Amino acid sequence: MMPMVKIKISIIISMLVALLPMKGHAQDSCWVQVRIPVACIRDGKGHSTEMTSQAIMGTPMLVLEDDGGEWLHLKGPDGYEGYMNISSVAKKSHADICRWRKSSRLVCVSLPEVKVYATADGTDSRNVVTELVNGVIVEGILSDRLMTKITLPDGRSGWVQTSALSTIEDWANKPFDSDQILSTCYWLMGTPYLWGACSTKSVDCSGLVRVSYFANGILMLRDARQQIEIGKRISENDLDSLQAADLLFFSNTPDGRISHVAIYDKDGNYIHSSGLVKVNAMKDDDYDFSNRIYRGASRINGMIPSEGITSVGAHPWYF
């Protein structure tokens, strides 16, 4: 089976499963939402197992397995599966999630992390409830005052700077904006590389793609080897047609597995996470570029929606 066919089937199955109760599980316990700013997704039941990805606060997750222990087998909105510690999530019934999808919700659009305070007028450290990272979804109604009251997925409440928030409708239905995507990347300059990381705190190479596009209200597949199969393909010989925010793909050998992804800017420059978030150039004398095999690009602009790419506003797990 060709990779694109596999991805297409995976996405269709993911969407269908999201709308149905799980076999062998009560319908009222088949969902969770991430309750901490950034939660780790691992490839097994244990803190010592490999971290393969992350999910941020407010992300709805489908429970695939709950054996009553500390670890849940979950599936995210992008179809990505893994294990998460139960302390990182709030369990939700089917009715809870249906209500949440229709509720007044806000999104953290601030690139710097912002604090949630227990009261609107107390901003010292002893008044902190938690923090929000870019893309976090909470419940609340946007205020016209300095602070807005919000409710977190686990029921805790607090106050956040209004300027850090947007209504979910405005954020989730944004037009494609390459400047915003690249601005998110550049704001993360110098951020350390961490395998499996996928938030503004730290990123791996495909995590940088996910975080920067999610800031534009766009949800994509998680890994570089998946991302090369989405969007409009651009040949490795067609450098002149590259546009801002195109995804560039690399491997270690000419026919090897895709091992790295970057985001094109302009004038032959690209930004990526390799050791840290940095800029390199598509030139033979640039060590980072010449040390890899360039395998072509994918264009997301003009391809929303298509297989593996959706605006959050069109995703049935959110609306």
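All values derive from a computational prediction rather than experimental measurement.
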Please lay out, stage by stage, how V277 and V203 fare under the test side chain to side chain contact (heavy atoms under 4.5 Å, CB included).
CA-CA 8 Å; V277 177; V203 288; 3.8 Å; yes

Find out whether [X] and [Y] are in side-chain contact, i.e. whether some heavy atom of one side chain is under 4.5 Å from a heavy atom of the other.
{"X": "L152", "Y": "R35", "result": "no"}
{"X": "E139", "Y": "I150", "result": "no"}
{"X": "H272", "Y": "V209", "result": "no"}
{"X": "N280", "Y": "Y270", "result": "yes"}
{"X": "K266", "Y": "Q243", "result": "no"}
{"X": "V136", "Y": "E131", "result": "no"}
{"X": "D288", "Y": "K278", "result": "yes"}
{"X": "M147", "Y": "Q161", "result": "yes"}

Donor-acceptor pair, distance only, cut-off 3.5 Å: does the side chain of [X] make one with the backbone of [Y]?
{"X": "N173", "Y": "E169", "value": "yes"}
{"X": "R233", "Y": "A297", "value": "yes"}
{"X": "S212", "Y": "C185", "value": "no"}
{"X": "S110", "Y": "A164", "value": "no"}
{"X": "D177", "Y": "D179", "value": "yes"}
{"X": "H73", "Y": "D66", "value": "no"}
{"X": "T310", "Y": "S306", "value": "no"}
{"X": "R156", "Y": "T130", "value": "no"}
{"X": "N85", "Y": "S88", "value": "no"}
{"X": "E229", "Y": "Q226", "value": "no"}

Cation-aromatic face contact R101/W31, 6.0 Å, 45 degrees
yes

Tell me whether [Y] is reachable from [X] by hopping between hydrophobic residues (I, L, V, M, F, W, Y) whose side-chain heavy atoms are closer than 4.5 Å.
{"X": "M189", "Y": "V261", "result": "yes"}
{"X": "I258", "Y": "L221", "result": "yes"}
{"X": "L219", "Y": "W100", "result": "yes"}
{"X": "L74", "Y": "M51", "result": "no"}
{"X": "F249", "Y": "I230", "result": "yes"}

Name all residues meeting the ring-ring contact (aromatic ring centres under 6.0 Å, His included) criterion together with F214; count only those two or more places apart in sequence or in a different chain, and write none if there are none.
W171

Look at [X] together with [Y] and state whether they make a salt bridge at an N to O cut-off of under 4.0 Å.
{"X": "E65", "Y": "K45", "result": "yes"}
{"X": "K232", "Y": "D246", "result": "no"}
{"X": "E113", "Y": "K201", "result": "yes"}
{"X": "R222", "Y": "D204", "result": "yes"}
{"X": "D124", "Y": "R126", "result": "no"}

For a quick test of reading the model, state the closest non-hydrogen atom pair linking [X] to [Y] and the distance between them.
{"X": "N134", "Y": "I56", "result": "O-CD1, 3.5 Å"}
{"X": "H260", "Y": "S274", "result": "CE1-CB, 4.1 Å"}
{"X": "I271", "Y": "Y186", "result": "CD1-N, 3.8 Å"}
{"X": "S241", "Y": "I234", "result": "OG-CG2, 3.7 Å"}
{"X": "L182", "Y": "Y264", "result": "CD2-O, 3.7 Å"}
{"X": "L132", "Y": "V138", "result": "CD2-CG1, 4.4 Å"}

For the [atom1] atom of [X] and the [atom2] atom of [Y], what is their distance to the nearest 0.5 Å?
{"X": "L146", "Y": "D121", "atom1": "CG", "atom2": "CG", "result": "11.0 Å"}
{"X": "L242", "Y": "L248", "atom1": "CG", "atom2": "CG", "result": "6.0 Å"}
{"X": "W159", "Y": "R145", "atom1": "CH2", "atom2": "CZ", "result": "8.5 Å"}
{"X": "I218", "Y": "Q180", "atom1": "CD1", "atom2": "CD", "result": "8.5 Å"}
{"X": "S202", "Y": "L194", "atom1": "OG", "atom2": "CG", "result": "4.5 Å"}
{"X": "N252", "Y": "S259", "atom1": "CG", "atom2": "OG", "result": "4.0 Å"}

After noting the C-alpha distance and the side-chain angles of I300 and Y213, does the key distance pass the side chain to side chain contact (heavy atoms under 4.5 Å, CB included) rule?
CA-CA 10 Å; I300 307 304; Y213 269 82; 3.6 Å; yes

Could you tell me if [Y] and [X] have a donor-acceptor pair between their side chains, going purely by distance under 3.5 Å?
{"X": "S93", "Y": "D96", "value": "yes"}
{"X": "W195", "Y": "E50", "value": "yes"}
{"X": "S178", "Y": "N301", "value": "no"}
{"X": "T148", "Y": "T162", "value": "yes"}

Working for side chain to side chain contact (heavy atoms under 4.5 Å, CB included), residues K92 and Q33:
CA-CA 7 Å; K92 300 289 179 176; Q33 278 185 291; 3.3 Å; yes

What verdict does the side chain to side chain contact (heavy atoms under 4.5 Å, CB included) test give for L106 and L142, after you've listed the backbone C-alpha separation in whole Å, the side-chain angles of each residue and the deciding distance to 0.1 Å?
CA-CA 7 Å; L106 302 171; L142 199 64; 3.9 Å; yes

Parallel, tilted or perpendicular, as decided by the 30° and 60° cut-offs, for the rings of Y294 and F289:
tilted

Quick check on [X]: does its [atom1] atom have over 12 non-hydrogen neighbours (other residues, nucleotides or ligands) under 6.0 Å away?
{"X": "K174", "atom1": "NZ", "result": "yes"}
{"X": "E70", "atom1": "CD", "result": "no"}
{"X": "D284", "atom1": "CG", "result": "no"}
{"X": "I141", "atom1": "CD1", "result": "no"}

With R105 via side-chain hydrogen bond (donor to acceptor under 3.5 Å, both in side chains) - residues at least two apart:
none

Given D285 and K283, is the salt bridge (charged side-chain N to carboxylate O under 4.0 Å, His left out) satisfied, shown in steps?
CA-CA 5 Å; D285 60 355; K283 299 178 180 178; 5.9 Å; no

